[in-house]
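Below: one structure, written as structure tokens.
Being a predicted model, the structure only gives us computed values, none of them experimental. Below, read A as the first sequence line, B as the second, and so on, with proteins coming before strands; counting in each chain starts at 1.
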There are 2 protein chains.
Amino acid sequence: MREPVRRAAEACPVEVAIAVVGGSWKMTVVKHLLGGPLRFNALNRAVGPVTPRVLTRQLRDLEADGVVHREVYPEVPPRVEYSLTPLGESLAGLVESLNTWGEAYADRLAAASSS
Amino acid sequence: MREPVRRAAEACPVEVAIAVVGGSWKMTVVKHLLGGPLRFNALNRAVGPVTPRVLTRQLRDLEADGVVHREVYPEVPPRVEYSLTPLGESLAGLVESLNTWGEAYADRLAAASSS
DNA sequence: CAGAATCCAACGTGATACTG
DNA sequence: CAGTATCACGTTGGATTCTG
């Protein structure tokens with residue numbers, strides 16, 4: 001388990017959740033993995049303008065927190081597939097909520113800037 | 001509107017939501033304000049081990065993002081009340097989801113460390 | 001293909017002390 | 001009471017280049 005998560009546990013359940021899913025791209029990664037396993041580069045392209053370096057870090061965090069599973073196939077060329085663990089799948093509702101709220105917020109932004 | 005939020009809007013609605021609520025203590029602040037307005041020190045005590053310096057920053061962010069309203073009463077001693085805007089109240093469901101998921105996760109942690 | 005290595009700038013977070 | 005000022009520091013996110 002990662003340290004930030006453990007520290008958050010001292011304070012509030014809400015902080016625990018934020019510690020796990022609060023990093024940038026993390027929930028977007030989960031969102032795209034809800035459709036099924038993806039390989040590293042496919043995920044990279046799906047998530048958005050994220051560099052491999054950063055994506056790797058986030059994936060390692062998610063793996064350490066038990067949200068994501070990393071499966072390495074010893075082939076040439078190398079293949080690595082990322083998928084959600086059951087715990088990761090339990091985030092589906094949260095992703096949906098974030099997506100909906102984020103959309104509404106973006107609409108509000110657009111409306112504000114056009115006025 | 002804050003820059004991080006605007007940048008997130010280019011990528012994914014999920015990132016927008018995370019940009020607004022992803023900071024530490026932010027959602028915990030919202031959680032406690034759901035019960036009604038609170039003064040600065042009351043909020044400080046309710047949220048947890050957060051320094052005034054940090055809490056102030058988070059509150060300013062939330063204010064800039066339209067989630068929180070800051071009302072200053074020109075009295076002596078000074079009184080400042082923080083409350084949720086309608087947009088802030090629309091986060092109620094999200095807070096609930098985070099709280100529930102965080103609790104379940106904390107339980108999982110406890111179970112893992114006792115085994 | 002899936003990253004690792006290296007480097008860096010910017011932030012986020014925090015402790016401590018002070019003030020209108 | 002509700003902050004602000006100052007300082008410090010670790011982490012994050014990112015660009016770039018390289019490799020088994």
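- Applying the ring pair (Phe, Tyr, Trp, His ring centres under 6.0 Å) test to every pair with at least one member in residues 23-73 of chain B, sequence neighbours left out, gives no pairs at all.
- Both A/Val68 and A/Val72 are part of a single hydrophobic cluster, where members link through side-chain heavy atoms under 4.5 Å apart.
- Contact annotation for A/Arg7: no contact, since no heavy-atom pair falls under 4.0 Å across all strands.
- Counting only heavy atoms from C-beta outward, the side chains of B/Val80 and B/Glu71 never approach each other to under 4.5 Å.
- For B/Glu10, there are no side chain to side chain donor-acceptor pair (under 3.5 Å) partners, not counting sequence neighbours.
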Going through the checks in order, is the side-chain contact (heavy atoms from CB on, under 4.5 Å) test met by A/Val5 and A/Arg2?
CA-CA 6 Å; A/Val5 180; A/Arg2 291 182 312 126; 3.8 Å; yes
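- A 4.0 Å heavy-atom criterion places the boundary nucleotides of DNA chain D facing chain B at D/dC1 to D/dC7, written 5' to 3'.
- Within the 4.0 angstrom heavy-atom criterion, only backbone atoms of the sugar-phosphate kind lie near B/Tyr82; the bases stay farther away.
- Taking A/Glu96 as the reference, A/Thr100 meet the side chain to side chain contact (heavy atoms under 4.5 Å, CB included) condition, with sequence neighbours excluded.
- Residues A/Pro4 and A/Pro78 both approach DNA chain D. Their nearest nucleotides, taken by heavy-atom distance, put A/Pro4 toward the 5′ side.
- Checked against side chain to side chain contact (heavy atoms under 4.5 Å, CB included), A/Pro37 has the following partners two or more places apart in sequence or in another chain: A/Glu81, A/Ser83.
- The side chain to side chain donor-acceptor pair (under 3.5 Å) test applied to A/Thr56 returns no partner, not counting sequence neighbours.
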Using the rule given for side-chain contact (heavy atoms from CB on, under 4.5 Å), can you reason through B/Leu94 versus A/Leu94, listing the C-alpha separation, both sets of side-chain angles and the distance that settles it, and then say yes or no?
CA-CA 7 Å; B/Leu94 211 39; A/Leu94 210 40; 4.1 Å; yes
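- Side-chain atoms of A/Lys26 and A/Val29, non-hydrogen and from C-beta on, never get closer than 4.5 Å to each other.
- If you check every strand for non-hydrogen atoms under 4.0 Å, A/Arg60 touches sugar and phosphate atoms only.
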Which is it for A/Val30 and A/Val21 under the side-chain contact (heavy atoms from CB on, under 4.5 Å) test, yes or no, and what are the steps along the way?
CA-CA 9 Å; A/Val30 173; A/Val21 310; over 6 Å; no
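- Looking at residues two or more places apart in sequence or on another chain, you find no salt bridge (charged side-chain N to carboxylate O under 4.0 Å, His left out) involving B/Lys31.
- Residues from residues 46-58 of chain B that place a heavy atom under 4.0 Å from any atom of DNA chain C, listed by number: B/Thr51, B/Arg53, B/Val54, B/Arg57, B/Gln58.
- Interface residues of residues 18-35 of chain B facing DNA chain C, ordered by number: B/Ser24, B/Trp25; criterion, heavy-atom separation under 4.0 Å.
- Applying the ring pair (Phe, Tyr, Trp, His ring centres under 6.0 Å) test to every pair with at least one member in residues 77-99 of chain A, sequence neighbours left out, gives no pairs at all.
- Across the helix from C/dC1-D/dG20 to C/dG20-D/dC1, the helix axis at one end is tilted relative to the axis at the other end by 60° (nearest 10 degrees, each axis from five pairs).
- Note that the first and last nucleotides of DNA chain C, 5' to 3', having any atom under 4.0 angstrom from a heavy atom of chain A are C/dC1 to C/dC7.
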Before you tell me yes or no, could you show the steps for B/Val95 and B/Leu98 under side-chain contact (heavy atoms from CB on, under 4.5 Å), namely the whole-Å CA-CA distance, both residues' side-chain angles and the distance that decides it to 0.1 Å?
CA-CA 5 Å; B/Val95 171; B/Leu98 288 166; 5.6 Å; no
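- The heavy-atom pair separating A/Asn99 from B/Cys12 by the smallest distance is OD1-SG, 4.4 Å.
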